[in-house]
There are 2 protein chains.
Amino acid sequence: MLKHLSFTSSNKKMISQAEENYLKAIYKINEREGKSANTNAISAAMNTTAASVTDMLKRLADKDFIHYEKYKGVTLTTEGSRTATALVRKHRIWEVFLCDKLGYSWDECHDLAEQLEHIQSPDLIDRLDTFLGKPKFDPHGDPIPDRDGNYAKRQQVRLDEMLIGDRGVMVGVHEHSSAFLQHLDRVGLVLAVQVEVLEVFDFDKSVKIRLNGLQELLISNKVSENVFIKIA
Amino acid sequence: MLKHLSFTSSNKKMISQAEENYLKAIYKINEREGKSANTNAISAAMNTTAASVTDMLKRLADKDFIHYEKYKGVTLTTEGSRTATALVRKHRIWEVFLCDKLGYSWDECHDLAEQLEHIQSPDLIDRLDTFLGKPKFDPHGDPIPDRDGNYAKRQQVRLDEMLIGDRGVMVGVHEHSSAFLQHLDRVGLVLAVQVEVLEVFDFDKSVKIRLNGLQELLISNKVSENVFIKIA
DNA sequence: ATTTTTTTTTAGACAAGTCTAAAAATTGTT
DNA sequence: AACAATTTTTAGACTTGTCTAAAAAAAAAT
């Protein structure tokens, strides 16, 4: 009788960890692509087969978390969107806790937060939020939704879109892989650092920048297109 | 292919949340009763049927977590015991976090810790332990095992075993229900309070005690047999 | 020592979440 | 427009963890 689900006793609609993970994946694809998520995209994101995705989409549609029409891809309903946003909120708040309080680095905290985001207790996450000083951004610079799911979009540009002489502050990353984050750590291109564009090389789209008004650094396009800067 | 288990990628033996909960229940029964746990006792503790317990015992025996012989009850193997102790450690450390850092009361923290104890990361719990100042006891006075599973047994007696004139400090509870803990809060019989036995009434086994050398209090046997005191 | 009661196990079923292989629908190409 | 390629769905199967009902074993009572 559904004893193995996350919830044990609640009047809210039951939702399993697997269902939550699918909702989050759909939410991200919807956001990133700006359109309905198709089966293959979801199976790629979730590391499952297309068949499994179809099964899950039926379940999620039954529970009114998604709008689903065969062969047409899916979008989230209001409730699905609310649930996904709450997950993102939990994930990012736990990441702040792991980094600020337990000393994890920004490339380590993601995997642990993937587990912690499934803890069921709206009250817990609000208390944790207060304990951490109601942070607005997670350790990667991604904005943390408030209890109602709202969050301010940052005024940001990609580093590769900046022109010579532009200045700003590093506020986030697009790519979130450990390898990329560790590379940024090594070269000193971390959150809150001041960035000034000194030169742009058309040949390979690399850019020379100055960090905190001190050391100069040559950045490849692969890096610059994944770094967000808030223009001063 | 076992994607829905807690673990996703690890060389350690896979163990599901349900399996963990059974191990913990068996561990507690073994400890409390001082003998092998029988099927009915486990089904009562887990709120499942005897049939479900039998199924699970077979699985746990296959994985070498328990010694199981039909109709004979079960005990934990070395590995089962190690796993159960690690769970108790995680549970109690999370309880300290919830109470000390997030302001939960000792009757609220248990249920949340039941969820958090299943987070898979030995490193996380060690960091949390350090963050909290390596506490030796949880908010109910129960000892926290160290990384190797060792913990000091407290030198304690039940309040109903004390004699007139005995003094000591409240260090723990046997019963852990919310109702009981909230009652203790209301009468002021909380962790670390000084207790002196003033009178013992044979009729109903109630005791009159003095708290912190100040107010006097009459305690029923139902309460006194569930309160642990460390004799001064 | 039998019979009765209690405990435990077996048997068969179900839902969630996954898979592979094959069929159907959609999209792209000539 | 017809054929080919891709995407998506269906069909059937498997594991975990649960259940109820019935059978078997062990314990208790006469």
Side-chain angles (χ1 to χ4, degrees), chain A residues 1-10 13-26 29 33 35-75 114-115 118 120, chain B residues 1-9 13-26 29 33 35-63 65-75 114-115 118 120:
Chain A
M1 194 252 262
L2 302 183
K3 294 279 294 268
H4 50 297
L5 290 185
S6 320
F7 271 62
T8 47
S9 65
S10 169
K13 194 176 295 189
M14 286 252 201
I15 183 165
S16 70
Q17 293 200 8
E19 287 167 344
E20 287 191 334
N21 287 333
Y22 273 91
L23 283 184
K24 214 176 56 160
I26 294 165
I29 294 167
E33 321 276 312
K35 57 169 199 238
S36 70
N38 60 19
T39 306
N40 262 8
I42 298 170
S43 74
M46 295 293 300
N47 242 309
T48 55
T49 61
S52 303
V53 173
T54 300
D55 285 350
M56 182 56 90
L57 294 184
K58 285 176 190 161
R59 261 195 292 279
L60 291 175
D62 277 350
K63 295 190 178 183
D64 290 318
F65 286 119
I66 58 171
H67 299 292
Y68 173 49
E69 232 186 315
K70 274 190 194 178
Y71 297 98
K72 301 294 180 191
V74 293
T75 53
E114 288 283 296
Q115 287 188 61
H118 296 294
Q120 301 285 355
Chain B
M1 193 253 263
L2 304 183
K3 294 278 294 271
H4 49 297
L5 291 186
S6 320
F7 271 62
T8 46
S9 64
K13 195 178 294 189
M14 285 252 201
I15 182 164
S16 70
Q17 292 199 9
E19 286 167 343
E20 287 191 334
N21 286 334
Y22 272 92
L23 283 184
K24 214 176 56 159
I26 294 165
I29 294 168
E33 321 276 310
K35 57 169 198 234
S36 69
N38 59 18
T39 307
N40 262 8
I42 298 170
S43 74
M46 294 293 300
N47 242 310
T48 56
T49 61
S52 302
V53 173
T54 301
D55 285 351
M56 182 55 90
L57 294 184
K58 285 176 190 161
R59 261 196 291 279
L60 291 175
D62 277 351
K63 295 190 178 184
F65 285 120
I66 59 172
H67 298 294
Y68 173 49
E69 232 187 315
K70 274 191 195 176
Y71 298 98
K72 301 294 180 192
V74 293
T75 52
E114 288 283 298
Q115 288 187 61
H118 296 294
Q120 301 285 355

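Quick note on labels: first sequence line is chain A, next is B, and so on, each numbered from 1.
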Margin query: Please pick, from D/dT18, D/dT9, C/dG17, the nucleotide with the shortest atom-to-atom distance to any side-chain atom of B/D55.
Written below: D/dT18
Checklist line | Side-chain N or O of B/R59 closer than 4.0 Å to phosphate OP1/OP2 of D/dG17 | finding: yes
Margin query: Please confirm whether the shortest side-chain N or O distance from A/T54 to OP1 or OP2 of D/dT9 is below 4.0 Å.
Written below: yes
Note to self: Starting the side chain at C-beta, find the nucleotide from D/dT9, D/dT16, C/dT9 nearest to B/T39.
What the structure shows: C/dT9
Notebook entry, point to check: Does A/Y22 make a side-chain N or O approach to OP1 or OP2 of C/dT18 shorter than 4.0 Å?
Noted result: yes
Next item on the list: Would you please confirm or rule out a distance under 4.0 Å between OP1 or OP2 of D/dT10 and any side-chain N or O of A/K70?
Entry: yes
Checklist line | Distance test, side-chain N/O of B/S16 to OP1/OP2 of D/dT16, below 4.0 Å | finding: no
Next item on the list: In plain terms, say whether B/E19 and B/K24 are close enough for a salt bridge, that is, a side-chain N and a carboxylate O under 4.0 Å apart.
Entry: no
Checklist line | Residue mapping more 5' on DNA chain C - nearest nucleotide basis, A/A50 or B/V53 | finding: B/V53
Next item on the list: Would you mind classifying the nucleic acid contact of B/K58 as base, sugar-phosphate or nothing, using non-hydrogen atoms under 4.0 angstrom?
Entry: sugar-phosphate
Item checked: Contact nearer the 5' end of DNA chain C, comparing A/A51 with A/K72 -> A/A51
Margin query: Quick check for you: among C/dG17, D/dC19, D/dT8, whose closest atom lies nearest to any side-chain atom of B/T49?
Written below: D/dC19
Note to self: Just the rounded figure in Å: distance from P of D/dC19 to CE of B/M46.
What the structure shows: 10 Å
Check: What nucleic acid atoms does A/N38 come within less than 4.0 Å of, heavy atoms only: base, sugar-phosphate, or nothing?
Finding: sugar-phosphate
Margin query: OP1 or OP2 of D/dT18 versus the side-chain N and O atoms of B/T48: is any pair under 4.0 Å?
Written below: no
Check: Taking only side-chain nitrogens and oxygens of A/Y68, does any of them come within less than 4.0 Å of OP1 or OP2 of D/dT9?
Finding: yes
Note to self: Looking at C/dT8, I'd like to know if its phosphate oxygens (OP1 or OP2) sit under 4.0 Å from a side-chain N or O belonging to B/N40.
What the structure shows: yes
Next item on the list: For the side chain of B/S52, starting at C-beta, report the closest nucleotide among C/dT18, D/dT18, D/dG17.
Entry: D/dT18
Notebook entry, point to check: Is the backbone N or O of A/H118 less than 3.5 Å from a side-chain atom of A/Q17, with the two atoms forming a donor-acceptor pair by type?
Noted result: no
